[in-house]
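For reference, the structure is listed below as structure tokens.
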Amino acid sequence: QVQLVESGGGLVQAGGSLRLSCAASGRTFSRYVMAWFRQAPGKEREFVARVMTSGYSTDYSDSVKGRFTISRDNTKNTVYLQMNSLKPEDTAVYYCAAGTTWGPRPVAGQYDYWGQGTQVTVSS
């Protein structure tokens, strides 16, 4: 079992930055592929970014590539999402997820554990 707790969300103006954190319980954190998804009101949950167990391989959705950076610290059981140049369309609840699969296309069904989510609101 892995428990995930996100933090760092909030209200920011367009063009600003936020850093999300996701703290994981348990001693097997380093075995999991970690990802961030987001869900805006009335929309489906969508992939944002993922990072391989070692931290060396990452993957991003086209909508955030070049603006967001995912990273992990396996000594602290924590994964981060640095979000720069934020846009109003980035407004959503952001979820941290843990899974054991790195498939060709990241989908929510590949992830076994989810956090409760943290709200990010970007004002124009």
Side-chain angles (χ1 to χ4, degrees):
Q1 282 281 355
V2 176
Q3 291 184 325
L4 304 173
V5 179
E6 302 98 334
S7 61
L11 174 64
V12 64
Q13 289 188 334
S17 299
L18 281 175
R19 188 194 196 201
L20 305 183
S21 298
C22 172
S25 66
R27 294 178 289 179
T28 60
F29 175 77
S30 62
R31 298 179 185 178
Y32 288 94
V33 174
M34 299 300 297
W36 289 94
F37 285 75
R38 66 187 181 186
Q39 188 166 17
K43 295 187 177 182
E44 293 186 354
R45 191 169 296 191
E46 66 170 354
F47 167 75
V48 175
R50 60 178 173 170
V51 59
M52 185 59 88
T53 53
S54 64
Y56 291 118
S57 294
T58 58
D59 187 20
Y60 298 90
S61 69
D62 288 342
S63 61
V64 307
K65 198 172 294 182
R67 299 188 298 121
F68 290 11
T69 302
I70 188 171
S71 62
R72 66 190 295 164
D73 186 340
N74 287 342
T75 66
K76 296 182 178 179
N77 282 12
T78 302
V79 62
Y80 305 97
L81 186 68
Q82 178 66 44
M83 305 185 296
N84 298 330
S85 302
L86 282 161
K87 304 175 181 180
E89 51 263 45
D90 294 319
T91 295
V93 177
Y94 283 70
Y95 296 91
C96 174
T100 56
T101 302
W102 184 281
R105 181 171 171 267
V107 295
Q110 295 173 351
Y111 296 87
D112 304 306
Y113 303 102
W114 292 83
Q116 82 289 348
T118 186
Q119 177 70 48
V120 171
T121 303
V122 184
S123 63
S124 57

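Scope of the values below: all heavy atoms of this structure, side chains included, with no hydrogens, waters or symmetry mates.
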To the nearest 0.5 Å, atom OG1 of Thr121 lies from atom CG of Leu86 at 10.5 Å
Do Tyr111 and Tyr80 land in one hydrophobic cluster if side-chain heavy atoms of ILVMFWY residues count as linked below 4.5 Å?
no
How many angstroms lie between atom CZ of Arg31 and atom OG1 of Thr100, to the nearest 0.5 angstrom?
11.5 Å
What distance do Gln39 atom CD and Glu46 atom CD have between them, rounded to the nearest 0.5 Å?
9.5 Å
Could you see if Val120 belongs to whatever hydrophobic cluster contains Tyr95? Use Ile, Leu, Val, Met, Phe, Trp, Tyr and a side-chain cutoff under 4.5 Å.
no
Over all heavy atoms of both residues, which pair between Val79 and Ser71 is shortest? Give the atoms and the distance, please.
CG2-O, 3.1 Å
Would you call Lys87 and Asp90 a salt bridge, using N to O less than 4.0 angstrom?
no
Check: Ser25 side chain, Gln3 main-chain N or O, donor-acceptor pair, under 3.5 Å
yes
Can you check whether Ser63 reaches Arg38 side chain to side chain, under 4.5 Å on heavy atoms?
yes
Can you name the nearest heavy-atom pair linking Ala40 to Thr91, along with the distance?
CB-O, 3.7 Å
Donor-acceptor check, side chain of Glu6 to backbone of Gly117, threshold 3.5 angstrom: yes or no?
yes
Only pairs at least two apart or in different chains count here, so list each disulfide bond (SG atoms under 2.5 Å apart) that has a residue in residues 1-98.
Cys22-Cys96
I'd like to know if Leu18 and Tyr94 are part of one continuous hydrophobic network [Ile/Leu/Val/Met/Phe/Trp/Tyr, side-chain heavy atoms within less than 4.5 Å].
yes
Minimal non-hydrogen separation, Ser17 against Gln82, with atom names:
CB-NE2, 4.0 Å
Of Val107, Val64, Asp59, which is the lone residue that meets side-chain contact (heavy atoms from CB on, under 4.5 Å) with Phe47?
Asp59
Does the structure place the NZ or CZ of Arg72 under 6.0 Å from the centre of the six-membered ring of Tyr32, at an angle of no more than 45° from the ring's axis?
no
Quick check for you: to the nearest 0.5 Å, what is the distance between Leu20 atom CG and Phe68 atom CZ?
8.0 Å
Considering all heavy atoms of both residues, which atom of Ala108 and which atom of Trp114 are nearest to each other, and what is their separation?
O-CZ2, 3.5 Å
All heavy atoms of Tyr113 vs all of Val2, minimum pair found to be CD2-O, 3.5 Å
Are there over 12 heavy-atom neighbours, none belonging to Lys43, within less than 6.0 Å of that residue's NZ?
no
Which heavy-atom pair separates Asn77 from Asn74 by the least distance, and what is that distance?
OD1-O, 3.4 Å
Are Val48 and Val33 in one and the same hydrophobic cluster, where Ile, Leu, Val, Met, Phe, Trp and Tyr link if side-chain heavy atoms are under 4.5 Å apart?
no
Within one Ile-Leu-Val-Met-Phe-Trp-Tyr cluster: Val93 and Trp36, side-chain cutoff 4.5 Å:
no
